[in-house]
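The sequence lines fix the lettering, A, B, ..., with proteins before strands; numbering per chain opens at 1. Computed from a predicted structure; not experimentally measured. What's counted below: heavy atoms across the whole structure, side chains too, no hydrogens, waters or symmetry copies.
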Amino acid sequence: MVENRPFLNFLTHLVLILGVLMVVFPVYLAFIASTHGPTDFMSGIVPLLPGDRFSANYGYLLGTGESTAGAPPFLLMLANSLVMAIMIAVGKIAISIISAFAIVYFRFPLRVPAFWLIFMTLMLPVEVRILPTYKVVADLGMLNSYSGLVIPVIASATATFLFRQFFLTVPEEMMEAARVDGAGPLKFFRDILLPLSRTNIAALFIIMFIYGWNQYLWPMLITTEPHYYTVVMGIKRLASVLDGDNQWNLVMAGVILAGLPPVLVIIFMQRLFVKGLVETEK
Amino acid sequence: MQTKRTVFHSRILPYFLLAPQLIITLIFFVWPAAQAIWQSFLRQDPFGLKVTFVWFANYTRLLDDPDYLNALGATFVFSVGVTVLSMGLSLMFAVAVNRLLRSGRFYTTLLVWPYAVAPAAAGLLWWFMFNPSVGIIPYLLSFLGYEWNHRLHTGDAIVLIIIAAAWKQISYNFLFFVAGLQSVPQSLTEAAAIDGAGPFKRFWTVVFPLLSPTTFFLAVINITYAMFDTFGIVDATTSGGPSQSTNILVYKVYADGFIGLNLGPSAAQSVILMLIVVVLTVVQFRWIERKVQY
């Protein structure tokens with residue numbers, strides 16, 4: 001700050017408080033709605049203070065689910081989402097870190113074409129090639145399975161780039177010293193590179209976990225058995241059926257349940273999250 | 001392309017290390033994309049019995065199709081709306097946070113979490129806020145004499161998805177603007193202050209121009225986001241309606257392919273979308289190359 005201007009300080013806080021309100025208010029309203037009974041909306045306006053149906057609504061969704069809306073118990077869907085998100089995050093990191101290792105620490109024919117092939121995945125988001133990808137997965141018999149949810153989205157150009165950039169900054173001497181001491185490539189990778197990449201892995205894990213958790217179109221297409229439904233697609237089913245019944249309290253409880261886990265991850269690991277976000281875009 | 005000065009010597013190990021990534025890329029990315037390109041040149045008769053090679057007929061038909069042109073227009077309005085709204089607000093918040101010393105962190109925490117909310121969930125949050133019968137915003141708007149109904153009014157529907165998509169993107173833009181602002185040298189703003197420039201003049205003549213690389217980068221990212229990552233928002237709220245006003249390209253590909261089962265035209269749409277991603281990615285990487293010189 002160059003000089004002290006009380007009015008500008010006041011304006012700064014005003015802008016930020018309005019910003020925070022704008023960001024938080026929709027969620028506050030959703031939470032309030034989720035603690036009311038369905039009849040509380042009949043008066044025509046959403047209440048602004050919590051109701052007394054918190055445990056009733058959430059307990060009902062978590063344990064029983066809404067079978068009329070084709071939504072299994074939320075506990076099951078949350079578990080599915082968790083499994084899917086962790087598998088996607090771990091898988092992306094695992095296959096990316098070894099490909100980056102190959103690209104940086106070896107010289108072999110086809111190295112550059114391999115790099116470009118990985119790069120191309122950036123240009124082919126699932127949304128633009130859904131139909132043929134769906135067909136491939138169906139032909140491989142991977143519909144309604146965790147492998148079908150995870151494997152087709154597991155290749156990652158961003159993660160590979162991040163690790164490549166990071167490996168390039170690791171001092172040459174590290175590897176020379178390891179070689180002098182007689183360490184082979186795998187030993188060097190395990191004992192030196194992996195420990196050095198710890199923060200990068202953690203930061204990337206957060207970004208990829210959120211990406212995995214928030215998958216929507218893909219799970220919607222390839223899961224037809226409620227047993228494999230994930231929570232983000234589940235709330236949409238809930239919304240489209242319950243909108244007619246005016247049961248917004250349950251819809252909003254579902255939205256809160258689906259959104260809470262990744263939001264908590266960001267709030268509690270903010271430093272790593274920011275690092276991951278900024279680094280992956282370099 | 002760069003490697004280490006000294007490298008490990010092994011004939012097969014690097015291929016083993018690359019294999020998982022490459023196999024998945026080939027099976028689930030390259031092969032389907034090639035299929036889409038191939039199918040975009042074919043046309044199937046309604047019973048799926050005969051397939052003919054039709055060259056660019058699917059493309060020309062698409063570009064004559066008023067529905068497709070409408071989707072292009074909707075996508076344009078939507079992307080520009082999301083980008084301008086989200087970046088404008090984020091820049092304002094970033095400048096404000098950058099003025100603060102200690103409380104900045106507190107505000108940052110409260111501003112960054114919407115990044116984690118799934119697009120579909122963000123859509124539903126705003127869909128509830130704007131719900132014509134119980135939503136709080138239509139209630140407030142009714143005092144101004146405006147009757148909000150995104151199920152009937154096309155303009156309302158597109159405003160709804162723009163707001164939902166921009167809301168979710170604020171945290172991302174905010175973090176990058178804060179990083180950009182922190183790299184503006186303090187000495188420049190101080191020099192401007194000594195020359196008598198007030199806070200607003202300093203911002204527009206010194207800080208904002210220095211921020212332009214960040215702004216440009218974010219503009220590309222936001223357009224990409226609005227075009228490809230907002231499927232969930234549209235699907236959960238308006239499903240392309242009313243009367244196709246929110247049928248953006250990425251949603252139309254899905255609707256035509258999966259619900260309409262129009263293979264050829266849907267594949268042609270996929271190919272056009274891929275071309276758009278390619279252009280955006282190239283622009284983005286050109287920017288990164290330029291940034292190195294700063």
Closest-packed option against chain A by number of heavy-atom pairs under 4.5 Å, given [options]:
| options | value |
| --- | --- |
| Thr224(B), Leu273(B), Ile24(B), Leu175(B) | Ile24(B) |
| Tyr254(B), Tyr15(B), Phe228(B), Trp126(B) | Tyr15(B) |
| Ala236(B), Ala33(B), Ser270(B), Ala116(B) | Ala116(B) |
| Asp229(B), Ile276(B), Val278(B) | Val278(B) |
| Val117(B), Val95(B), Val253(B) | Val117(B) |
| Leu280(B), Ile170(B), Leu125(B) | Leu125(B) |

Given the options [options], which has more heavy-atom pairs under 4.5 Å with chain B than any of the others?
| options | result |
| --- | --- |
| Leu168(A), Val232(A), Val274(A), Ile207(A) | Leu168(A) |
| Phe209(A), Trp213(A), Phe101(A), Phe273(A) | Phe273(A) |
| Arg107(A), Gln215(A), Lys135(A), Met220(A) | Arg107(A) |
| Ile210(A), Ile151(A), Thr121(A), Val263(A) | Thr121(A) |
| Ala157(A), Gly91(A), Ala94(A), Ala102(A) | Ala102(A) |
| Ala33(A), Pro261(A), Ala100(A), Pro262(A) | Pro262(A) |

Q | Close side-chain approach of Asp235(B) and Leu217(A), heavy atoms under 4.5 Å | A |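 Not in contact.
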Q. How would you list, in number order, the residues of residues 18-31 of chain A that have a heavy atom less than 4.5 Å from chain B?
A.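 Within residues 18-31 of chain A, the residues that come under 4.5 Å of chain B (heavy atoms only) are Gly19(A), Val20(A), Met22(A), Val23(A), Val24(A), Phe25(A), Pro26(A), Val27(A), Leu29(A), Ala30(A).
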Q | Interface residues of residues 252-259 of chain A facing chain B - heavy atom cut-off under 4.5 Å | A |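 The residues closer than 4.5 Å to chain B, in numerical order, are Met252(A), Val255(A).
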Measure the spacing between [atom1] of [X] and [atom2] of [Y] and express it to the nearest 0.5 Å.
| X | Y | atom1 | atom2 | value |
| --- | --- | --- | --- | --- |
| Arg129(A) | Gln35(B) | CZ | CD | 12.5 Å |
| Ile235(A) | Leu124(B) | CD1 | CG | 5.0 Å |
| Asp256(B) | Leu131(A) | CG | CG | 10.5 Å |
| Ile103(A) | Leu17(B) | CD1 | CG | 10.5 Å |
| Phe108(A) | Leu13(B) | CZ | CG | 9.5 Å |
| Leu16(A) | Arg99(B) | CG | CZ | 10.5 Å |

Region of [X] in contact with chain B, defined by heavy-atom distances below 4.5 Å:
| X | value |
| --- | --- |
| Ala178(A) | neither |
| Val170(A) | both |
| Leu260(A) | neither |
| Ser96(A) | both |
| Met142(A) | side chain |
| Phe167(A) | backbone |
| Pro109(A) | both |
| Leu221(A) | side chain |
| Tyr211(A) | neither |
| Ile98(A) | both |

Is [X] in contact with chain A via its backbone, its side chain, both, or neither, using a 4.5 Å heavy-atom distance?
| X | value |
| --- | --- |
| Phe106(B) | neither |
| Thr109(B) | both |
| Trp113(B) | both |
| Thr108(B) | both |
| Ala36(B) | both |
| Val271(B) | neither |

Which pair of non-hydrogen atoms, one from [X] and one from [Y], has the smallest distance, and what is that distance?
| X | Y | answer |
| --- | --- | --- |
| Tyr115(B) | Asn214(A) | O-ND2, 4.5 Å |
| Phe29(B) | Pro152(A) | CE1-O, 3.6 Å |
| His13(A) | Ser103(B) | CE1-OG, 3.8 Å |
| Ser99(A) | Gln21(B) | OG-NE2, 3.5 Å |
| Ala96(B) | Thr12(A) | O-CG2, 3.2 Å |
| Ala114(A) | Leu18(B) | CB-CD1, 3.9 Å |

Q. Parallel, tilted or perpendicular: which fits the ring planes of Tyr216(A) and Phe231(B), with parallel below 30° and perpendicular above 60°?
A.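 Tyr216(A) vs Phe231(B) ring planes: tilted.
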Which donor-acceptor pairs under 3.5 Å do side chains of residues 192-199 of chain B form with protein atoms, sequence neighbours excluded?
none

Q: Please lay out, stage by stage, how Leu117(A) and Leu26(B) fare under the test side-chain contact (heavy atoms from CB on, under 4.5 Å).
A: CA-CA 8 Å; Leu117(A) 198 62; Leu26(B) 286 174; 3.9 Å; yes
Q: Please name all residues satisfying side-chain contact (heavy atoms from CB on, under 4.5 Å) with Val136(A), sequence neighbours left out, ordered by chain then number.
A: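 Val136(A) satisfies side-chain contact (heavy atoms from CB on, under 4.5 Å) with Leu140(A), Ile27(B), Phe28(B), Trp31(B), Pro32(B) once adjacent residues are dropped.
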Q | Donor-acceptor under 3.5 Å (Arg179(A) side chain, Val7(B) main chain) | A |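 Flag set: sc Arg179(A) to bb Val7(B) pair under 3.5 Å.
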Q: With side-chain contact (heavy atoms from CB on, under 4.5 Å) as the test, would you mind laying out the steps for Phe128(B) and Val251(A) before giving the verdict?
A: CA-CA 9 Å; Phe128(B) 183 62; Val251(A) 179; over 6 Å; no
Q.
Is there a side-chain contact (heavy atoms from CB on, under 4.5 Å) between Phe8(B) and Leu186(A)? Walk through the geometry before answering.
A. CA-CA 10 Å; Phe8(B) 287 111; Leu186(A) 290 178; over 6 Å; no
Q: Check step by step if side-chain contact (heavy atoms from CB on, under 4.5 Å) holds for Trp127(B) and Trp248(A).
A: CA-CA 11 Å; Trp127(B) 169 85; Trp248(A) 294 291; 3.8 Å; yes
